[in-house]
Each structure stands twice: as C-alpha cells, then as structure tokens.
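As structure tokens, the structure follows; a few thoughts come after it.
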Amino acid sequence: MTSQPVFWLRCETKEFERRSALTPSTAKQLINDGFKIYVERDHQRIFDDEEFEKVGCELVANNSWSTAPPDIPILGLKELTVSDEPLPHTHIQFAHCYKGQGGWSSVLSRFHRGGGTLYDLEFLTDASGRRVAAFGFHAGFAGAAVGALALAAQRQGKQLGLLDPYANETAMIENVKAALGGSGKGVKALVIGALGRCGRGAVDLFRKIGLNEDDILKWDMAETAKGGPFNEILDVDVFVNCIYLSSAIPPFLTREQIVDAGKQRNLSVVVDVSCDTTNPFNPLPIYSINTTFSQPTVPVDLPEGLSPVSVVSIDHLPTLLPREASEQFSSDLLPSLKEFPQRETARVWTDAKKLFDEKVKEAVADLAGAAA
C-alpha cells in the first residue's frame with residue numbers, strides 16, 4: 001500500500017451526469033489531513049478542473065483510472081461503463097447491483113475475477129443503519145420538479161423535452177412555476193415515502209412552487225400498510241414514488257387500474273424517483289425502461305381514447321442541481337472518507353466489505369447456475 005493516504009477521483013461517463021463525489025472544498029479538507037488527491041480532467045463535471053487544481057489536487061487524464069496503481073482507491077458516483085474487463089482496483093461508487101438489478105452478477109464477477117473490491121456508497125451506514133451520505137433530498141426535489149414540468153407539457157399537448165441542469169435551486173423553482181403559468185396552485189400531488197430524505201425533498205419542491213398544503217398528500221409506511229394497489233393515486237395529478245425498496249411488496253399502481261378507471265381519473269404523471277425499473281420487486285409495473293435527460297418521460301401503454309400517463313424514471317435526478325447536490329453529499333461522506341485508511345477496523349467500511357463479500361459469493365453462484 002502507498003504510505004500516504006490517497007484517492008483517485010474518476011470522471012463520470014454517464015451522459016448528462018455533472019455531479020462529483022468530491023468537490024474542491026471537500027478535496028481541500030482531505031489534502032489538509034494529509035491525503036493525496038488525483039482528479040481526472042472532466043469537461044462535464046459541474047466543477048472546473050482548475051477549481052480542484054487550485055486547492056492542491058493533481059490533475060490526470062480523463063478516464064485514465066484503469067492505469068492507476070492497483071493500490072489506489074478509485075472514487076466515483078455512477079456505475080462504470082459496461083464491460084467484461086476484470087477490476088483489480090478498490091472502487092467506491094454506486095454500483096446498483098446488490099438488489100437483483102439487471103446484470104448484477106456480471107458486474108460483481110468483474111471484481112471477483114480482478115481481485116478488486118467494491119464499497120457501494122448506497123450501503124455505507126452509521127451505527128443505526130442510516131446511510132452516511134445520500135442524494136435523497138435532491139433526488140426527491142428534482143423529481144418533483146420534473147414531474148411538474150411533465151404535467152405542464154402534457155397540459156399543452158406536448159411531451160417534456162431536453163432537461164438541462166440548473167445553476168441553483170432558485171432558478172429551478174422559477175422555471176417550474178413559469179411552466180405552470182406562474183404557480184403550482186391547483187395541482188394535486190401524492191408523495192409515497194414522504195418521511196424519508198427523498199420524500200421530504202419532493203414535498204419541499206411542491207411547497208415552493210405554490211401547491212396548497214392540502215393538495216400535497218404525504219404518505220409513508222402507515223398509509224401503505226394495507227398494501228396496494230392504491231386507487232387514491234388515480235385522484236392526483238402527479239404521483240412521486242420515493243420509497244427505499246428492500247423486499248417484495250404489492251404494487252402501488254398497475255396498468256389495469258389505469259385502464260379500469262377510464263376517463264374517471266386525474267393522474268397524468270408518475271415520477272419513480274426510486275427507479276427500481278429492473279428490480280423484480282418493482283412496485284410500479286407500468287413501465288420497463290429508465291428515461292433520460294434527453295427523453296425524460298415514457299408513456300404508459302394505454303388504449304386509444306384515454307388521456308396519457310407519463311412516467312419519469314431518471315436514475316440520476318440530483319444532477320439537475322449538480323453543485324448543491326454534490327456539496328451536500330460530499331460533505332456528508334467526508335468523515336467516512338477520512339476513516340478510509342483505517343478501513344480494516346472502521347465499522348462503516350468493514351460492514352460494507354462484509355456485504356460485498358456476501359454479494360460476490362451470490363454472484364458467483366448465480367453465474368455458475370446459469371452456465372450449468
């Protein structure tokens with residue numbers, strides 16, 4: 001191992017992704033604590049390369065992490081580009097492969113074959129089991145904004161077009177209010193998972209664009225305990241799903257419900273912030289693809305004559321507010337990053353490593369069974 005603690009911040013290759021796991025301010029704090037920070041040049045990152053250089057980071061070539069010494073941990077956000085190449089490095093990132101998502105075993109097999117390790121950011125937790133850092137609030141906030149924009153477009157007989165990241169929260173709020181004719185007053189919304197980070201973000205956005213408090217239905221475990229499907233979803237204009245899915249549950253909404261309601265419904269837009277699209281337990285089996293910033297919505301397949309229902313299923317919504325979301329997430333992650341040199345004993349890291357080892361065993365068994 002290198003004697004000096006070090007991180008290598010890789011670029012993000014996902015289209016439209018502008019967030020960063022480290023920011024110039026958090027990188028500077030690590031450097032002040034004796035870390036060496038390499039930063040890949042990245043034209044799409046919200047922070048300019050020079051901002052990192054000014055605080056003492058060493059800039060390296062774009063997407064060059066695979067050439068880094070194997071003992072340097074690679075820090076990023078979104079999943080790596082799909083490949084079959086073995087992974088010898090330690091990676092700290094969101095991998096989206098621990099809950100049976102599509103291709104999960106193939107992703108983990110790359111670490112197994114390369115001798116590398118994955119510390120999944122989604123599963124870094126404190127002693128109470130709460131995630132040490134999450135984009136949830138900004139995901140819910142941005143998801144609700146996109147839902148309102150999709151509703152405004154649909155009311156004009158259009159589909160929502162290309163989304164561009166906003167300079168700040170104020171710019172986002174003003175843009176959404178303008179799209180709705182000056183205010184969201186009169187729009188009715190339902191948020192499931194309203195007590196969590198993500199749900200609180202969605203509720204906050206709806207309040208800030210002018211929805212009446214009585215028109216924001218806030219559901220959580222108590223309201224969903226009876227089990228879906230829930231016909232109440234059909235009565236609102238925008239439904240935002242913000243739950244953290246960990247096991248099989250009855251669906252919240254089905255295509256059959258929408259069809260059976262005929263013209264007797266208000267529902268126009270579904271925002272699946274949770275984005276469990278390929279999860280076998282997906283509680284919204286009304287769509288099957290993730291949407292993107294260039295094509296933010298996908299229509300539910302409905303019989304001719306019924307008004308449309310659009311689904312937003314973008315899996316990196318916080319990048320609509322990239323600077324604010326990155327600063328908040330990276331600041332929350334910072335204490336754990338400072339503990340990384342002691343990862344053999346620091347609980348947040350030992351727990352994450354134990355989970356990785358368990359999932360790798362499952363992946364190897366899954367691939368062996370598929371090949372048999």
Side-chain angles (χ1 to χ4, degrees), residues 1-13 19-42 45 47-80 83 85-95 108 110-127 131-133 326-327 329-360:
M1 293 292 295
T2 56
S3 56
Q4 181 183 23
V6 58
F7 286 115
W8 182 294
L9 179 66
R10 62 171 171 83
C11 66
E12 299 294 330
T13 56
R19 292 172 297 169
S20 178
L22 279 184
T23 69
S25 61
T26 53
K28 186 177 189 301
Q29 292 183 64
L30 288 171
I31 290 169
N32 290 344
D33 279 7
F35 283 77
K36 172 78 174 180
I37 307 294
Y38 295 97
V39 176
E40 291 184 357
R41 297 181 183 275
D42 187 359
R45 187 188 291 131
F47 304 99
D48 293 336
D49 295 340
E50 292 73 22
E51 294 183 69
F52 285 101
E53 193 170 35
K54 285 179 180 177
V55 300
C57 300
E58 182 173 331
L59 297 183
V60 293
N62 179 271
N63 203 27
S64 59
W65 59 266
S66 61
T67 66
D71 61 340
I72 294 182
I74 311 300
L75 179 61
L77 284 181
K78 298 304 293 183
E79 59 270 29
L80 300 170
S83 169
E85 287 294 313
L87 293 170
H89 291 91
T90 291
H91 286 261
I92 305 169
Q93 64 176 66
F94 291 103
L108 287 170
R110 296 180 64 191
F111 288 95
H112 177 69
R113 289 181 285 110
T117 301
L118 167 67
Y119 292 99
D120 196 309
L121 290 167
E122 184 178 349
F123 298 92
L124 299 183
T125 58
D126 63 20
R131 289 171 61 179
V132 299
S326 296
E327 290 286 11
F329 179 86
S330 192
S331 294
D332 289 348
L333 182 62
L334 184 62
S336 297
L337 291 178
K338 289 183 176 181
E339 287 188 328
F340 190 74
Q342 292 79 45
R343 60 190 173 279
E344 299 298 330
T345 55
R347 189 206 51 75
V348 65
W349 297 106
T350 58
D351 284 1
K353 177 61 162 58
K354 180 181 178 181
L355 180 60
F356 166 72
D357 291 339
E358 292 172 357
K359 294 299 180 179
V360 165

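Within the 4.5 Å cutoff, no side-chain heavy atoms of Leu337 are placed close to those of Phe35. Within the 4.5 Å cutoff, the side chain of Leu121 has heavy atoms near those of the Leu77 side chain. Within the 4.5 Å cutoff, the side chain of Glu327 has heavy atoms near those of the Ser25 side chain. Residues Leu87 and Leu118 fail the side-chain proximity criterion, which asks for heavy atoms closer than 4.5 Å. No side-chain heavy atom of Glu85 sits under 4.5 Å from any side-chain heavy atom of Leu80. Annotation: side chain of Val132 is not in contact with side chain of Pro335 (no heavy-atom distance under 4.5 Å).
Remark: side-chain polar atoms of Arg41 are not paired, donor with acceptor, to backbone N or O of Ala61 under 3.5 angstrom. Listed for the Ser330 side chain is a donor-acceptor partner under 3.5 Å among the backbone atoms of Ala21. Judged by distance alone, the side chain of Gln93 and the main-chain N or O of Gly76 form no donor-acceptor pair under 3.5 Å. The main-chain N or O of Glu122 is found under 3.5 Å from a side-chain atom of Asp120 such that the two form a donor-acceptor pair. Here the side chain of Glu40 pairs a donor or acceptor atom with the backbone of Trp65 at under 3.5 angstrom. Proximity of a side-chain donor or acceptor of Asp42 to a complementary backbone N or O of Asn62 within less than 3.5 Å is not detected.
Taking all atoms of both residues into account, the shortest heavy-atom contact from Thr67 to Ser64 is OG1-O, 2.6 Å. Counting all heavy atoms, side chain and backbone alike, Ile72 lies closest to His89 at O-CD2, 3.6 Å. Between Val55 and Ile31, the closest heavy-atom pair is O-CD1, 3.4 Å. Here the shortest heavy-atom pairing between Ala133 and Asp332 reads CB-CB, 3.8 Å. Between Ser20 and Ser326, the shortest heavy-atom contact is N-OG, 3.0 Å. Shortest non-hydrogen contact noted between Cys57 and Ala27 is SG-CB, 3.7 Å.
Phe47 meets the ring-ring contact (aromatic ring centres under 6.0 Å, His included) test with no other residue; sequence neighbours excluded. Qualifying side chain to side chain donor-acceptor pair (under 3.5 Å) partners for Asn32, counting only residues two or more places apart in sequence or in other chains: none. Applying the salt bridge (Lys or Arg N to Asp or Glu O under 4.0 Å) test to Lys78 and every residue at least two apart in sequence or in another chain returns nothing.
Remark: the Trp349 side chain and the Gln342 side chain contain no N/O donor-acceptor pair separated by less than 3.5 Å.
Contact check on Glu12 versus Arg19 returns no salt bridge, with no Lys/Arg side-chain nitrogen under 4.0 Å from an Asp/Glu carboxylate oxygen.
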Point to revise | Full working for side chain to side chain contact (heavy atoms under 4.5 Å, CB included) between Leu30 and Lys338 | key: CA-CA 7 Å; Leu30 288 171; Lys338 289 183 176 181; 3.8 Å; yes

Point to revise | Steps toward side-chain hydrogen bond (donor to acceptor under 3.5 Å, both in side chains) verdict (Thr26, Thr23) | key: CA-CA 5 Å; Thr26 53; Thr23 69; 3.1 Å; yes

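Between atom CG of residue Asp49 and atom CG of residue Leu59 there is a gap of 5.5 Å, rounded to the nearest 0.5 Å. Rounded to the nearest 0.5 angstrom, Trp8 CH2 and Ser66 OG are separated by 8.5 Å. Rounding to the nearest 0.5 Å gives a distance of 8.0 Å between CZ of Phe123 and CZ of Arg131. How far NE2 of His91 is from CG of Leu75: 11.0 Å, rounded to the nearest 0.5 Å. From Leu334, atom CG reaches atom CG of Asp33 across 7.5 Å, with rounding to the nearest 0.5 Å.
Each of Asp351, Thr345, Thr350 was checked for a side chain to side chain donor-acceptor pair (under 3.5 Å) with Arg347, and the lone residue meeting it is Asp351. Shown are Phe94, Phe356, Phe111, Phe340; of these, the ring-ring contact (aromatic ring centres under 6.0 Å, His included) with Tyr119 is made only by Phe340.
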